[in-house]
Protein chains: 2
Amino acid sequence: MSQTPKKSAERSVPTSADVARLAGVSRATVSYVLNNASSVRISEATRHRVREAAEELGYVPHAAARSLRAGHTRTVLLPTAAFPAGPLHQQFLQELQWALRRLDYTVVQHGSLGLAGGEAVRAWAELRPVAVVALGEAGLTPQGVGLLRRSGAKAVISLAPRRVEGAHSLVIDQSAIGRCAVTHLVERGRRAIGVVLPREPGLEMFAEHRMDGARQAVAGSGARIEPLPLSYDEESATALAARWRTLGLDAVYAYNDDYAMLLMRALQDEGVDIPGETAVVGADDLLLGRLLRPRLTTVHIDMITGQQLAELVDRAVREPEAEPGTHRVMGARTVHRESS
Amino acid sequence: MSQTPKKSAERSVPTSADVARLAGVSRATVSYVLNNASSVRISEATRHRVREAAEELGYVPHAAARSLRAGHTRTVLLPTAAFPAGPLHQQFLQELQWALRRLDYTVVQHGSLGLAGGEAVRAWAELRPVAVVALGEAGLTPQGVGLLRRSGAKAVISLAPRRVEGAHSLVIDQSAIGRCAVTHLVERGRRAIGVVLPREPGLEMFAEHRMDGARQAVAGSGARIEPLPLSYDEESATALAARWRTLGLDAVYAYNDDYAMLLMRALQDEGVDIPGETAVVGADDLLLGRLLRPRLTTVHIDMITGQQLAELVDRAVREPEAEPGTHRVMGARTVHRESS
DNA sequence: TTGAAAGCGTTACCAT
DNA sequence: ATGGTAACGCTTTCAA
């Protein structure tokens with residue numbers, strides 16, 4: 001714009017060779033200077049010339065070329081399913097990315113778009129990530145883990161309901177949440193317990209596990225479970241509340257606090273007394289749940305933090321030989337308030 | 001494990017040369033076969049041999065090598081600030097990533113970690129992204145845009161409160177939200193209006209703009225504005241409510257629905273009548289706001305969707321010559337309910 | 001102290 | 001129809 005480039009037909013990306021030429025040195029020297037190589041001593045004058053030249057040209061090294069040469073990357077691949085995650089999950093993800101960045105990794109988010117299991121893993125492996133952190137990816141198989149490792153991944157970490165052979169498995173047992181909630185209700189004498197299942201697509205994975213937990217909790221207790229599909233909107237909640245008394249339920253565990261709040265309000269509008277006639281339990285322990293009247297009983301979830309997971313990734317990368325272990329990383333406990 | 005590799009000291013990543021050797025052909029042929037090159041005809045027998053060999057070795061092409069050779073990438077860089085974004089923002093981000101993936105881009109999330117403005121842009125440019133979508137990055141300067149473009153970025157898109165010279169600027173005017181909310185209050189006869197400012201770090205950017213909008217709304221109306229710092233926890237809300245009557249306010253605009261709900265509950269617990277004594281307005285139009293009593297008046301925000309933004313990115317990438325324009329992409333309108 | 005050259009894995013042009 | 005070869009941009013060993 002202001003200064004016409006020497007002769008380039010158009011703007012083209014400057015390379016280290018361009019810098020070398022401008023500074024009147026070799027490409028090797030440029031590399032030494034710009035990477036502060038400690039093994040060689042370069043005269044201060046040369047260093048300065050090189051820096052000047054780089055600055056003038058707006059030279060920026062090419063990450064792909066660098067890692068091609070280096071034979072490894074600092075890429076952490078984060079295959080993410082496209083489910084409408086709750087605020088807790090979102091925050092976790094955000095925190096994880098942050099912490100990984102802080103440890104100088106490049107985070108690549110890679111939704112596996114309807115690719116068949118094997119295809120998706122191939123796509124991931126192309127990036128030669130140093131680590132893969134699969135968050136509840138159903139598609140991660142032992143073979144997939146093998147392929148990734150052979151493609152140079154030092155660590156494959158799975159955060160999922162079940163362990164994955166060959167990967168560092170953080171088993172996150174969603175069923176504990178449903179179990180917790182329903183056990184609480186049973187202990188308080190409830191016998192006919194509804195379980196809200198979100199109709200929103202993508203949530204089935206979580207919902208089913210929580211439902212399983214609920215089932216386990218009533219097993220042999222004489223209490224029964226009733227699945228209640230519900231969409232996250234007022235109409236759906238109103239409709240459910242309208243037929244509430246025909247269901248003969250004395251309690252409901254509502255997947256999470258959002259659905260619980262939605263349903264509780266609808267029930268109250270319908271004249272259902274809470275917790276007298278029906279007890280309500282949510283999950284996630286959101287602040288908002290404490291603002292309703294009655295205050296919402298909920299299941300507090302203790303999860304590994306993004307920070308902690310990032311550290312785990314880093315450790316696994318630096319000690320690739322360590323045996324991939326299996327850990328349970330979720331705790332759940334009922335927080336009793338007023339709605340139950 | 002089960003089969004001992006020919007002679008490799010350890011598992012090493014197979015390359016196309018390995019595939020060529022095993023199939024008894026040249027690297028070029030391997031490339032042709034695996035990329036379904038249409039310009040050359042390869043015998044079916046050879047194709048088969050190559051595919052077999054690739055399969056057997058578990059060959060996966062190396063993305064870095066490929067893009068080095070190709071001279072360009074399909075990387076979209078998403079520099080993300082580390083602010084605790086609300087559910088709306090999170091969902092937007094999620095949607096954007098998804099849509100970009102669907103358009104076959106590789107999404108790299110890159111929190112600019114305390115790197116000085118220039119440094120951060122350098123780090124981004126190293127990845128040679130084909131596009132950069134800066135979401136409210138304060139650090140994106142016209143020089144930065146220039147550097148990115150010179151590094152091969154076909155599109156630099158900024159989603160921020162102000163336009164950025166040289167970039168496709170989507171101006172997202174946060175002040176409209178505060179203006180909307182407070183105008184509504186003024187029109188309904190309120191004269192002493194509190195404005196809640198979240199104490200949470202990282203939210204200042206938004207909060208200040210919304211505050212500015214509030215200020216504009218009262219200008220020349222005879223009404224006044226009172227800043228009210230508030231943390232997102234019950235103690236803070238209770239404390240603020242306790243001294244409410246000493247403030248002499250007849251209305252409050254509470255940044256967003258979360259803060260509004262928190263404060264409204266605290267005020268009710270303090271015996272403040274809403275909306276009689278104090279009107280409350282939030283923002284974001286969350287479903288939860290409709291569940292409180294009185295129902296929360298709020299500012300509904302019309303934003304560009306992630307999907308739309310992704311399409312815009314794609315278009316900009318494919319027509320790099322198009323003049324980078326400036327568009328206002330946020331609308332705001334008050335949704336009057338019962339709390340005002 | 002600096003430079004020449006090899007090589008990382010791919011693809012595309014040009015021969016055969 | 002297939003293979004040799006050069007080139008993408010960078011780092012690093014070896015030589016001068």
Side-chain angles (χ1 to χ4, degrees), chain A residues 12-50 53-54 57-75 122 125-128 130 150-152, chain B residues 12-51 53-54 57-75 122 125-130 150-152:
Chain A
S12 76
V13 191
T15 76
S16 77
D18 295 323
V19 177
R21 207 170 305 128
L22 181 57
V25 299
S26 75
R27 295 187 356 265
T29 307
V30 171
S31 177
Y32 289 143
V33 172
L34 264 34
N35 295 318
N36 294 315
S38 49
S39 60
V40 272
R41 303 231 60 84
I42 309 272
S43 71
E44 197 50 54
T46 307
R47 304 178 88 91
H48 191 70
R49 276 217 315 286
V50 170
L57 292 172
Y59 168 73
V60 174
H62 192 307
R66 194 199 293 253
S67 60
L68 181 57
R69 166 70 221 218
H72 59 85
T73 68
R74 294 280 296 171
T75 298
R122 295 278 260 267
E126 289 193 4
L127 300 173
R128 298 288 190 272
V130 69
R150 260 177 286 123
S151 301
Chain B
S12 76
V13 191
T15 76
S16 76
D18 295 322
V19 177
R21 207 170 306 128
L22 181 56
V25 298
S26 75
R27 288 176 9 255
T29 307
V30 172
S31 178
Y32 289 142
V33 173
L34 265 33
N35 295 319
N36 293 315
S38 49
S39 62
V40 274
R41 302 232 60 83
I42 308 272
S43 72
E44 198 49 53
T46 308
R47 305 179 88 91
H48 192 70
R49 276 216 316 284
V50 170
R51 292 229 168 78
L57 293 172
Y59 167 73
V60 175
H62 192 307
R66 193 197 294 255
S67 61
L68 179 57
R69 168 68 224 220
H72 58 86
T73 69
R74 295 279 297 171
T75 299
R122 294 278 260 265
E126 291 194 3
L127 300 174
R128 298 288 190 274
V130 69
R150 262 176 285 122
S151 301

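Side-chain atoms are counted along with the backbone in the values below, which use heavy atoms only and exclude waters and symmetry mates. Nothing here was measured: the structure is a model prediction, and the numbers come from that model. Chain naming here is simple, since letters A, B, ... match the order of the sequence lines and numbering starts at 1 in each.
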K.L.:
Using a 4.0 Å heavy-atom cut-off across all strands, classify B:Ile42 as base, sugar-phosphate, or nothing.
P.N.:
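The answer is sugar-phosphate, as B:Ile42 gets under 4.0 Å only of primed atoms, P, OP1 or OP2.
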K.L.:
Tell me the interatomic distance from A:Leu68, atom CG, to C:dA6, atom C1', rounded to whole angstroms.
P.N.:
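These atoms are roughly 13 Å apart.
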K.L.:
Is any side-chain N or O of B:Tyr32 under 3.5 Å from a base N or O of C:dC13, one able to act as donor and the other as acceptor?
P.N.:
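Result: at least one qualifying N/O pair found.
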K.L.:
Does B:Ser26 make a side-chain N or O approach to OP1 or OP2 of D:dG3 shorter than 4.0 Å?
P.N.:
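Affirmative; the distance criterion is met.
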K.L.:
Looking at side-chain heavy atoms only, is the closest gap between B:Glu126 and A:His62 below 4.5 Å?
P.N.:
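Answer no - side chains too far apart.
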K.L.:
For A:Ser31, report the nucleic acid contact type (base, sugar-phosphate, nothing); a contact means any heavy atom under 4.0 Å.
P.N.:
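Touches a base.
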K.L.:
Any sub-3.5 Å donor-acceptor pair from B:Ser67's side-chain atoms to B:Ala70's backbone N or O?
P.N.:
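Checked: no pair found.
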K.L.:
Do any side-chain nitrogens or oxygens of A:Ser16 fall under 4.0 Å of OP1 or OP2 in D:dC10?
P.N.:
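Result: yes.
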K.L.:
Toward the 5' end of DNA chain C, which comes first, B:Ala64 or B:Ala28, by nearest nucleotide?
P.N.:
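Closer to the 5' end of DNA chain C: B:Ala64.
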K.L.:
In this structure, how many angstroms lie between the P atom of D:dG9 and the CG atom of B:Leu127, rounded?
P.N.:
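Spelled out: CG on B:Leu127 to P on D:dG9 is 16 Å.
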K.L.:
What contact category does B:Thr46 fall into here, base, sugar-phosphate, or nothing, at under 4.0 angstrom with non-hydrogen atoms?
P.N.:
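Sugar-phosphate, no base atom in range.
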K.L.:
Under 4.0 Å between a side-chain N or O of B:Ser67 and OP1 or OP2 of D:dC8?
P.N.:
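No, B:Ser67 has no side-chain N/O under 4.0 Å of OP1/OP2 on D:dC8.
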K.L.:
Would you mind reading off the distance between A:Asn35 atom CG and D:dC10 atom P, rounded to a whole angstrom?
P.N.:
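Between P of D:dC10 and CG of A:Asn35: 10 Å.
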K.L.:
Which part of the nucleic acid, if any, lies within contact of A:Val50, taking any heavy atom under 4.0 Å across all strands shown: a base, the sugar-phosphate backbone alone, or nothing?
P.N.:
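No contact.
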K.L.:
Judged by each residue's nearest nucleotide on DNA chain C, which is more toward the 5′ side, A:Arg49 or B:Pro14?
P.N.:
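So the residue in question is A:Arg49.
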K.L.:
Ignoring the backbone of A:Ser43, work out which of C:dA5, C:dT1, D:dG9 is nearest its side chain.
P.N.:
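Output: C:dT1.
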K.L.:
Answer with base, sugar-phosphate or nothing: what part of the nucleic acid does B:Val25 contact at a heavy-atom distance below 4.0 Å?
P.N.:
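Result for B:Val25 = sugar-phosphate.
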K.L.:
Expressed in angstrom and rounded to an integer, what is the separation of B:His48 atom NE2 from D:dA1 atom P?
P.N.:
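In whole Å, D:dA1 P lies 20 Å from B:His48 NE2.
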K.L.:
Taking the side chain as C-beta and beyond, is there a heavy-atom pair between B:Arg49 and B:Val25 under 4.5 Å?
P.N.:
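With C-beta onward as the side chain, the pair touches.
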K.L.:
Distance check: side-chain N/O of B:Arg66 vs OP1/OP2 of C:dT11, anything under 4.0 Å?
P.N.:
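Affirmative; the distance criterion is met.
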K.L.:
From the options D:dT2, C:dG9, D:dG3, select the nucleotide whose nearest atom is closest to the side chain of B:Thr15.
P.N.:
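It is C:dG9.
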K.L.:
Using whole Å, report how far CZ of A:Arg47 lies from C1' of C:dT2.
P.N.:
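After rounding, the reported distance stands at 13 Å.
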K.L.:
Mapping B:Arg41 and B:Gly71 to their closest nucleotides on DNA chain D, which lands nearer the 5' end?
P.N.:
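This one resolves to B:Arg41.
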K.L.:
Please state how far atom CZ in A:Arg128 lies from atom C1' in C:dC8, giving the value in whole angstrom units.
P.N.:
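Checked: the CZ to C1' distance equals 12 Å.
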K.L.:
To the closest 0.5 Å, what do you measure between CZ (B:Arg66) and CZ (B:Arg74)?
P.N.:
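So the gap between those two atoms works out to 12.5 Å.
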K.L.:
Given side chain to side chain contact (heavy atoms under 4.5 Å, CB included), test A:Arg128 with B:Val13 step by step and report yes or no.
P.N.:
CA-CA 10 Å; A:Arg128 298 288 190 272; B:Val13 191; 3.6 Å; yes
K.L.:
Spell out, as yes or no, whether a donor-acceptor pair under 3.5 Å connects the side chain of A:Asn35 to the backbone of A:Tyr32.
P.N.:
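Between the backbone of A:Tyr32 and the side chain of A:Asn35 there is no qualifying donor-acceptor contact (under 3.5 Å).
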K.L.:
Please evaluate the base of C:dT11 for a donor-acceptor partner in the side chain of B:Arg69 within a cut-off of under 3.5 Å?
P.N.:
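Indeed there is one.
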K.L.:
A:Leu34 CG to D:dT12 C1': how many Å, rounded?
P.N.:
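Roughly 15 Å, once rounded to whole Å.
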K.L.:
In whole angstrom, give the distance that lies between atom CZ of A:Arg27 and atom P of C:dC8.
P.N.:
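Atom-to-atom, A:Arg27 to C:dC8, this comes out as 16 Å.
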